[in-house]
Amino acid sequence: MPAERSQAAGRVTISEVAAEAGVGRATAARTLGGYGHVSPELRQRVLAAAEKLGYRANALARSMSTGVSHTIGVIVADIGNPFFAGLVRGVCDASRARGFDTIVLSTYEDLDEEVAATNVLIDKRVDGMIIASAAVSGREVGHVKEALTRGVPVVLVDRAIPALDLDAVVIDNRDAAREAVERLIAAGHRRIGFVWGPPMAQPPATRRELLAAASRNLWTDGERLRGYLDALDDARIPFDPELVMVGRKVEERVTQEVARMLSLPDRITALFCTETEAVTGALRALRAAGLSYPRDVALIGFDDSAWAAVMDPPLTMIAQPVHELGAKAAEVLLDIVQGAETGRETHTLRSRLIVRSSVGPPPSI
Ligand code: RIB
């Protein structure tokens with residue numbers, strides 16, 4: 001009986017390799033699938049036949065028979081953001097070093113996209129997945145629970161989800177934000193703008209209202225806001241809700257809100273910007289107002305990049321260990337995949353404040 005040809009054009013099947021080697025299909029399957037026992041003599045015959053016919057293992061079929069795909073998935077909010085690009089590089093490098101491939105999916109901070117991406121990875125039978133989630137509450141993680149129910153381990157990266165008892169690899173967001181704002185205060189600033197706060201429809205009337213909105217927002221954003229407030233409290237600087245940008249987290253809103261803060265009677269003299277588009281939006285507002293940093297406004301940003309170092313003057317920025325974040329998340333996940341008994345743990349990596357030249361004393365307004 002001629003061995004069945006696979007449907008896909010030209011794909012050699014296990015049965016064809018078995019026929020060529022003169023062994024049973026099960027022997028060929030065990031040899032090519034890398035599981036079970038096969039005598040050295042038969043193994044050699046199967047491998048020689050596979051090479052002669054140009055056999056390529058059908059990875060998905062193999063994963064279905066062995067339950068192992070040697071592939072993990074990583075879901076990030078925006079692969080175009082240098083932060084996530086560096087993080088994904090760390091995941092890929094660490095997983096490759098342990099013999100695993102990586103499938104990368106980007107969700108643009110859209111939860112529906114994240115749910116769809118999770119289902120793609122489940123269907124692709126990944127051995128585990130790493131998620132930098134857009135979910136902001138325990139009510140939005142049904143897709144993560146679905147993966148866990150199907151036996152697919154999940155590690156969170158960059159954003160913890162307190163409602164989920166999962167391993168997470170994050171940075172010290174709150175301490176990093178507090179240290180940056182303390183540096184602005186030490187330079188003499190008291191009117192310090194915060195960009196960006198939670199996407200609220202209306203500006204907060206009180207600190208409590210702002211923090212309540214932050215708790216319904218991304219964990220990283222909330223932690224950075226709490227670090228800003230910690231520094232103000234430690235210096236006994238009263239919190240002014242007018243100095244926090246809220247609303248849609250997009251660059252043009254940042255520019256509008258910073259322009260508003262600059263036009264206040266008691267205007268801001270410093271800005272703490274919590275990620276890349278918060279920095280670029282603030283710089284656009286300064287330029288539109290004919291102001292410059294650090295002469296008119298001191299500025300510290302989050303997520304250092306090559307461009308921040310070549311600005312004139314170069315920007316003082318918080319640098320996250322992006323490659324290490326990804327690599328550590330992959331190591332934690334692969335330990336779980338490969339059977340290590342690990343308790344649920346949040347691994348907190350340290351960021352660094354890269355002091356350059358965007359902080360000076362308040363102008364004599
Ligand atoms: O969009 C990228 C930013 O959000 C980074 O600061 C990262 O920490 C993520 O949470």
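One-based numbering, in listed order, for ligands and for the atoms of each. FYI, side chains are in, hydrogens and waters are out, and symmetry mates aren't considered; it's all heavy atoms of this structure.
The protein heavy atom nearest to atom 6 (O) of ligand 1 is Asp303 OD2, 2.6 Å. For atom 4 (O) of ligand 1, the closest heavy atom belonging to the protein is Arg159 NH2, 3.5 Å.
For Glu277, the closest heavy-atom approach to ligand 1 does not fall below 4.0 Å. Within the structure, ligand 1 lacks Phe302 among the residues with a heavy atom less than 4.0 angstrom away. Assignment of Trp219 to the shell around ligand 1 is not supported, since no heavy atom sits closer than 4.0 Å.
Residue Asn81 approaches ligand 1 through these ligand atoms, each under 4.0 Å from one of its heavy atoms: 1 (O), 2 (C). Atoms of ligand 1 found under 4.0 Å from any heavy atom of Phe84 (numbered from 1 in listed order, with element): 1 (O), 2 (C). Short contacts between ligand 1 and Gln320, defined as distances under 4.0 Å to a heavy atom of the residue, involve ligand atoms 5 (C), 6 (O), 7 (C), 8 (O).
From Cys273, atom SG reaches atom CD1 of Ile300 across 9.5 Å, with rounding to the nearest 0.5 Å. To the nearest 0.5 Å, atoms CG (Asp172) and CD (Glu179) are separated by 8.5 Å.
Between Lys249 and Glu275, none of the side-chain N atoms (NZ, or NE/NH1/NH2) sits under 4.0 Å from a carboxylate O, so this pair counts as no salt bridge. Ionic pairing of Lys328 and Asp167 is not present here: no N-O contact between side-chain nitrogen and carboxylate oxygen is shorter than 4.0 angstrom.
Relative to the ring axis of Tyr228, Arg178 does not place its NZ or CZ within 45° and under 6.0 Å from the centre.
For the pair Asn173 and ligand 1, the shortest N or O to N or O distance does not fall below 3.5 Å. At least one N or O atom of Glu275 sits closer than 3.5 Å to an N or O atom of ligand 1.
Among Asp158, Leu87, Thr220, the residue whose heavy atom lies closest to atom 8 (O) of ligand 1 is Asp158.
At a cut-off of 3.5 Å, with distance as the only test, no side-chain donor of Thr118 or Glu146 sits close to an acceptor on the other residue. Side-chain atoms of Gln320 and Ser351 include no donor-acceptor pair closer than 3.5 Å. Residues Glu223 and Thr220 have side chains that never bring a donor and an acceptor to within less than 3.5 angstrom of each other.
If you look at Arg224 next to ligand 1, the close heavy atoms, those under 4.0 Å, all belong to the side chain.
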